[in-house]
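Presented below is the structure to which this report refers.
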Amino acid sequence: MPTALLRAALLAAWLAFCPTAALAQGPFRDADLARQRHVNATLDGLCNDVNDKTLTKDNPEEYTYVYERKFYAAAGVDFTSDSLTSATAKLQALWDGNPALFFCSSTNFSVPAGDLLKYAIETRSFGLVENAMTAWHLDLNRVDPADCRTLLDFVQTKLAQNRGTHLEPILTGYATRLRQFGAKYSSEISSTDKQRQAARWQVSAARLRATGITVPEWRQKCS
């Protein structure tokens, strides 16, 4: 199956059970909530792992950091049976189907409850950004409801703040490479796509709340 079709099929499994008309309430099947609880538990402490750049020797041929192990486990990747295409599609479906789960709140983060990849930039955990761009091919154009900006917007802000420091060439490099991998500014993303993202975020947030996870209530509209 082509990668795009496999990714769509896996993502549909996250979204199909929650009709758009019932985003705030569900309904959610027991099996779907059980799967969500498994993902929640598997990714528990992810932001700390990203900040600390915690290493693991569990499977050195496949990953180096604890946050990588958690991503693979939450996505259900089986290194013995999944092809690269299948593993990548599973990671993308996890990312696309759970936007409300991948946020971080920390005193060392300038965006309260902001997107995980922005937090990786903030904490200089550039390995995660590399994975997102070059290995996992995650969607880099998520408009973060915390500040209505994309990852590229955030990198440009950090670049402006770090002119003349040792971080300037690093951030310049990421701004350039993000562009090469299709990253956009929020102003370049259509209103239709922003509405689609917002609806998907609501599905994710409602499902998380149904499993007892606290999710920020963003009242602003990113238009």
OG1 (Thr150) and CD (Gln156) are apart, to the nearest 0.5 Å, by 9.5 Å
Using modelled atom types and a 3.5 Å cut-off, is there a donor and acceptor pairing between side-chain atoms of Glu68 and backbone atoms of Thr64?
yes
Step by step, would you call Phe154 with Tyr174 a ring pair (Phe, Tyr, Trp, His ring centres under 6.0 Å)?
CA-CA 11 Å; Phe154 181 77; Tyr174 274 105; over 10 Å; no
Sequence neighbours excluded - disulfide (SG to SG under 2.5 Å) pairs with any residue from residues 62-103:
none
side-chain hydrogen bond (donor to acceptor under 3.5 Å, both in side chains) filter on Asn141, not counting sequence neighbours, yields none
Could you measure the distance from the OG atom of Ser125 to the CG atom of Asp52? Nearest 0.5 Å is fine.
8.5 Å
Any donor-acceptor pair under 3.5 Å from Lys70 side chain to Asp44 backbone:
yes
Within the 4.5 Å heavy-atom criterion, are Leu167 and Arg124 side-chain neighbours or not?
yes
When the ring centroid of Phe109 is compared with that of Phe103, is the distance short of 6.0 Å?
no
Which heavy atom of Ala146 sits nearest to which heavy atom of Val111, and what is that distance?
CB-CG1, 3.7 Å
State whether the side chain of Thr176 and the backbone N or O of Thr172 hold a donor-acceptor pair below 3.5 Å, judged by distance alone.
yes
With side chains defined as the heavy atoms from C-beta onward, is the minimum distance between Leu128 and Tyr119 less than 4.5 Å?
no
CZ of Arg37 to CG of Asp32: how many Å apart, nearest 0.5 Å?
11.0 Å
Other than Ile189, which residues form its hydrophobic cluster under the rule that side-chain heavy atoms must be closer than 4.5 Å?
Val143
Please determine, by modelled atom types, if Asn51 and Ser106 share a side-chain donor-acceptor pair under 3.5 angstrom.
no
Thr134 side chain to Asn131 main-chain N or O, any donor-acceptor pair under 3.5 Å?
no
Side-chain heavy-atom pair Glu61, Phe79 within 4.5 angstrom cut-off:
no
Between Gln92 and His137, which heavy-atom pair has the shortest distance, and what is it?
NE2-O, 3.0 Å
With respect to Lys90, which candidate in Thr85, Asp78, Asp82 satisfies the side-chain hydrogen bond (donor to acceptor under 3.5 Å, both in side chains) definition?
Asp82
Testing the basics here: between Val215 and Ala100, what is the closest heavy-atom pair and its distance to 0.1 Å?
CG1-CB, 4.1 Å
Please list, chain by chain and in numerical order, all residues satisfying side-chain hydrogen bond (donor to acceptor under 3.5 Å, both in side chains) with Tyr63, sequence neighbours excluded.
none
Of Arg149, Lys118, Lys194, the residue whose pairing with Asp144 passes salt bridge (Lys or Arg N to Asp or Glu O under 4.0 Å):
Lys118
Kindly give the heavy-atom pair with the smallest separation between Ser110 and Glu122, and that separation in Å.
OG-OE1, 2.7 Å
Once disulfide (SG to SG under 2.5 Å) is applied, what residue pairs with a partner in residues 87-128 remain, sequence neighbours excluded?
Cys47-Cys104
Minimum side-chain heavy-atom gap Arg177-Glu130 below 4.5 Å:
yes
Would you kindly confirm whether Leu91 and Val66 end up in one hydrophobic cluster when ILVMFWY residues are joined by side chain heavy atoms under 4.5 Å apart?
no
Could you walk me through whether Tyr65 and Val50 pass the side chain to side chain contact (heavy atoms under 4.5 Å, CB included) test, one step at a time?
CA-CA 8 Å; Tyr65 295 99; Val50 170; over 6 Å; no
Answer yes or no: is there a side-chain heavy-atom contact under 4.5 Å between Leu152 and Leu140?
no
In Asn59, Asp58, Thr42, the residue satisfying side-chain hydrogen bond (donor to acceptor under 3.5 Å, both in side chains) with Arg69 is Asp58
For a quick test of reading the model, state the closest non-hydrogen atom pair linking Trp136 to Thr88 and the distance between them.
O-CG2, 3.4 Å
Answer yes or no for Arg142 and Trp201: cation-pi contact, defined as NZ/CZ to six-membered ring centre under 6.0 Å and angle to ring axis within 45°.
no
Are Ile121 and Leu171 packed together at the side-chain level, in the sense that at least one heavy-atom pair is separated by less than 4.5 angstrom?
yes
Pairwise salt bridge (charged side-chain N to carboxylate O under 4.0 Å, His left out) hits with a residue in residues 97-106, at least two apart:
none
Distance (rounded to the nearest 0.5 Å) between Tyr185 OH and Asp153 CG
7.5 Å
Going from CG on Leu151 to CE on Met133, what distance comes out if it is rounded to the nearest 0.5 angstrom?
8.5 Å
Flag for Asn98-Gln36: side-chain donor and acceptor within less than 3.5 Å:
yes
Do other residues, nucleotides or ligands put more than 12 heavy atoms under 6.0 Å from the CG atom of Asp30?
no
Minimum heavy-atom distance between Trp95 and Asp139, given as atom pair plus value
NE1-O, 3.2 Å
Any Arg209 side-chain heavy atom under 4.5 Å of Ile213 side chain
no
Between atom CZ of Phe28 and atom OG1 of Thr211, what is the distance when rounded to the nearest 0.5 Å?
9.0 Å
